[in-house]
*Asks:* 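Before anything else, here's the structure in question.
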Number of protein chains: 2
Amino acid sequence: MLLKSDEIKAAAVKYFTIYGYEGASLAQIGEEVGMKKQSIYAHFKGKDDLFLHVLQEAKEEYLYSKIKYFRDIDAQHPEKDLYGFLTMMIDLFQKNEQLKFWLRVSFFPPVHLTKVIDKEVDDVETQVRVVLEEKFQGWIDHKKVVDDSAKRLTLAFLGVVDSILVELVYGNDEKTLKEKLDASWRVFWRGIQ
Amino acid sequence: MLLKSDEIKAAAVKYFTIYGYEGASLAQIGEEVGMKKQSIYAHFKGKDDLFLHVLQEAKEEYLYSKIKYFRDIDAQHPEKDLYGFLTMMIDLFQKNEQLKFWLRVSFFPPVHLTKVIDKEVDDVETQVRVVLEEKFQGWIDHKKVVDDSAKRLTLAFLGVVDSILVELVYGNDEKTLKEKLDASWRVFWRGIQ
DNA sequence: TCCTACTTGACGAACGTTCGTCAGTTATCG
DNA sequence: CGATAACTGACGAACGTTCGTCAAGTAGGA
């Protein structure tokens with residue numbers, strides 16, 4: 001059994017993701033967990049407070065799921081590991097509500113919370129880039145990929161990741177998604193060899 | 001001097017882009033053009049009607065600016081023309097409010113208008129893909145790029161475009177943008193040769 | 001064990017505000 | 001005169017938020 005506050009957060013993630021901050025109402029969220037909107041105030045100070053709690057959890061989920069993947073891999077199989085990362089991202093985003101929330105919010109944050117959100121997003125992106133760049137440096141040193149700057153290869157790969165995220169946001173069918181992944185990946189991989 | 005209805009549409013684009021459909025109010029838009037929100041009803045049937053008019057114009061702008069570019073180029077210089085397309089996209093998005101609007105709306109449409117919007121977005125994407133695919137076929141025939149399927153190369157390039165759009169949405173500084181463009185482009189170009 | 005004191009979570013009612021919308025009126029101009 | 005476009009005024013509905021209250025559960029001391 002979940003804590004009531006966790007139930008509320010789960011419902012909030014859902015509605016914030018679908019309708020956005022302004023489009024989601026506390027009444028809606030309350031109804032989802034079987035309570036009136038006033039009762040939410042027993043658990044959170046208000047809409048902003050609820051949103052920021054959800055944001056924090058989504059950030060951790062996003063950061064953890066991205067960084068964890070690269071923690072335990074060696075410097076021997078960039079092709080398998082990079083491609084595996086892309087498919088993992090696709091799987092995660094289709095399953096995990098928090099990642100969809102993070103994506104929407106980082107793209108189009110509610111204006112009065114832009115400052116906070118941009119800071120968090122920047123923090124996450126930086127951490128991911130650092131971890132990934134170390135990996136690419138390893139692959140370059142082991143001559144597994146082309147002898148280019150690790151920074152450039154990292155940015156290029158993150159570009160591929162972004163293009164996949166866009167496809168996920170558009171919510172196209174599985175087939176289109178796979179084609180897009182296949183196309184981007186093959187050209188990318190040929191480009192870094 | 002603009003028509004008043006065009007002024008309203010221009011203000012609407014601005015606020016819809018910044019605050020989203022739910023976050024933008026007619027009062028705000030009216031104030032921008034120096035009239036009361038009720039007066040907007042002399043020009044549009046309501047908020048949805050205004051939004052859909054704006055959507056239609058943005059679609060045409062988006063479609064035209066993308067397709068026009070490829071109309072008048074030959075099959076001889078893919079490197080110059082493809083890279084030129086990317087820099088043009090960057091320029092346009094930084095100047096043109098309607099393209100930012102289109103981007104936001106196509107990513108996260110207001111739920112009750114999802115049907116209409118998705119249809120328009122799909123229409124545009126298909127048209128762009130067709131035009132681009134013809135170009136790639138020409139380059140393949142002239143042996144200017146790798147002998148792969150035109151469809152795959154098209155999707156891969158559109159992936160690069162998407163990754164640039166993401167960067168534009170994030171609104172990072174000029175330097176980061178150029179680095180990202182440089183990285184994605186170099187790897188892509190190496191990958192299709 | 002029983003009474004009390006305090007906490008927790010949810011409630012109805014109401015607050016002030018804003019929302020989109022409609023009706024009726026006034027002013028401008030060909 | 002008729003048409004157009006702006007205005008004022010008012011509408012119900014929904015918004016986030018605050019208030020006082022009430023039932024249920026917990027803790028502690030006599």
Side-chain angles (χ1 to χ4, degrees), chain A residues 1-57 101 104-105 108-117, chain B residues 1-57 101 104-105 108-117:
Chain A
M1 181 54 185
L2 284 153
L3 283 177
K4 214 71 195 181
S5 63
D6 287 333
E7 276 191 65
I8 296 172
K9 276 189 277 186
V13 168
K14 180 176 162 185
Y15 285 103
F16 282 142
T17 303
I18 299 177
Y19 300 104
Y21 178 90
E22 294 88 356
S25 75
L26 294 182
Q28 233 175 357
I29 294 169
E31 198 180 6
E32 175 97 356
V33 300
M35 63 167 62
K36 300 291 171 184
K37 58 178 177 176
Q38 309 93 299
S39 307
I40 295 176
Y41 285 78
H43 302 272
F44 301 94
K45 288 184 203 161
K47 196 180 188 183
D48 280 6
D49 187 46
L50 172 57
F51 182 87
L52 291 174
H53 273 87
V54 166
L55 179 75
Q56 209 55 42
E57 277 194 7
F101 169 84
R104 170 161 200 162
V105 165
F108 301 106
V111 176
H112 73 289
L113 297 176
T114 299
K115 257 286 186 38
V116 197
I117 296 171
Chain B
M1 181 53 185
L2 283 152
L3 281 177
K4 214 70 195 181
S5 64
D6 286 333
E7 276 191 65
I8 296 172
K9 277 190 276 185
V13 168
K14 178 176 163 185
Y15 284 103
F16 282 142
T17 303
I18 300 177
Y19 298 105
Y21 178 88
E22 294 88 355
S25 75
L26 294 182
Q28 234 176 355
I29 294 168
E31 198 181 5
E32 175 95 359
V33 300
M35 62 168 63
K36 302 287 172 184
K37 58 177 178 175
Q38 302 95 315
S39 305
I40 296 176
Y41 284 77
H43 302 271
F44 301 95
K45 288 185 204 159
K47 194 180 188 182
D48 279 6
D49 187 46
L50 172 57
F51 181 88
L52 291 173
H53 273 87
V54 165
L55 180 74
Q56 209 54 42
E57 276 195 8
F101 169 85
R104 172 162 198 160
V105 165
F108 301 107
V111 177
H112 74 290
L113 296 177
T114 299
K115 259 278 183 50
V116 197
I117 296 171

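We name chains A, B, ... by the order of the sequence lines, and we start the count at 1 in each one.
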*Asks:* Closest approach of A:I18 and B:V111, non-hydrogen atoms and distance?
*Replies:*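 Closest approach of A:I18 to B:V111: O-CG2, 3.6 Å.
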*Asks:* With sequence neighbours left out, which residue pairs that include part of residues 34-55 of chain A fulfil the salt bridge (charged side-chain N to carboxylate O under 4.0 Å, His left out) condition?
*Replies:*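 For residues 34-55 of chain A: none.
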*Asks:* Any ring-ring contact (aromatic ring centres under 6.0 Å, His included) involving residues 33-54 of chain A? Give me the pairs, sequence neighbours left out, ordered by first then second residue.
*Replies:*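 ring-ring contact (aromatic ring centres under 6.0 Å, His included) check on residues 33-54 of chain A returns A:F16-A:F51, A:Y21-A:F51, A:F44-A:H53, A:F51-A:F101.
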*Asks:* Taking only residues two or more places apart in sequence, or in another chain, which ones meet A:Q56 in a side-chain contact (heavy atoms from CB on, under 4.5 Å)?
*Replies:*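 So A:Q56 forms a side-chain contact (heavy atoms from CB on, under 4.5 Å) with A:K59, A:E60, A:E120.
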*Asks:* Ignoring backbone atoms, test whether B:S39 places a side-chain nitrogen or oxygen under 4.0 Å from the OP1 or OP2 oxygen of D:dC7.
*Replies:*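 The answer is yes; a side-chain N or O of B:S39 sits under 4.0 Å from OP1 or OP2.
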*Asks:* Considering residues at least two apart in sequence or located in another chain, which fulfil the salt bridge (Lys or Arg N to Asp or Glu O under 4.0 Å) criterion with B:E22?
*Replies:*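 B:E22 satisfies salt bridge (Lys or Arg N to Asp or Glu O under 4.0 Å) with no residue once adjacent residues are dropped.
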*Asks:* Dump the intermediate steps for side chain to side chain contact (heavy atoms under 4.5 Å, CB included) on B:V54 and B:V105, then the final yes or no.
*Replies:* CA-CA 11 Å; B:V54 165; B:V105 165; over 6 Å; no
*Asks:* Does D:dA6 have its OP1 or OP2 closer than 4.0 Å to a side-chain nitrogen or oxygen of B:H43?
*Replies:*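 Yes, B:H43 has a side-chain N/O under 4.0 Å of OP1/OP2 on D:dA6.
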*Asks:* How would you give the extent of chain B contacts on DNA chain C, as first and last nucleotide 5' to 3' within a 4.0 Å heavy-atom cut-off?
*Replies:*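 Nucleotide range with atoms under 4.0 Å of chain B: C:dC19 to C:dC22.
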*Asks:* Among residues 23-38 of chain A, which ones have heavy-atom contacts with DNA chain D below 4.0 Å?
*Replies:*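 Contacting residues: A:A24, A:S25, A:L26, A:K37, A:Q38.
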*Asks:* side-chain hydrogen bond (donor to acceptor under 3.5 Å, both in side chains) with A:E32: which residues, sequence neighbours excluded?
*Replies:*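 side-chain hydrogen bond (donor to acceptor under 3.5 Å, both in side chains) list for A:E32, sorted by chain: A:K14, A:Y15.
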*Asks:* B:Y41 has an atom OH; how far is it from atom C1' of D:dG9, in whole Å?
*Replies:*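 B:Y41 atom OH is separated from D:dG9 atom C1' by 15 Å.
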*Asks:* Looking at residues at least two apart in the chain, or sitting in another chain, which of them share a salt bridge (Lys or Arg N to Asp or Glu O under 4.0 Å) with B:K9?
*Replies:*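 Scan of B:K9 (salt bridge (Lys or Arg N to Asp or Glu O under 4.0 Å), adjacent residues dropped) gives B:D6, B:E57.
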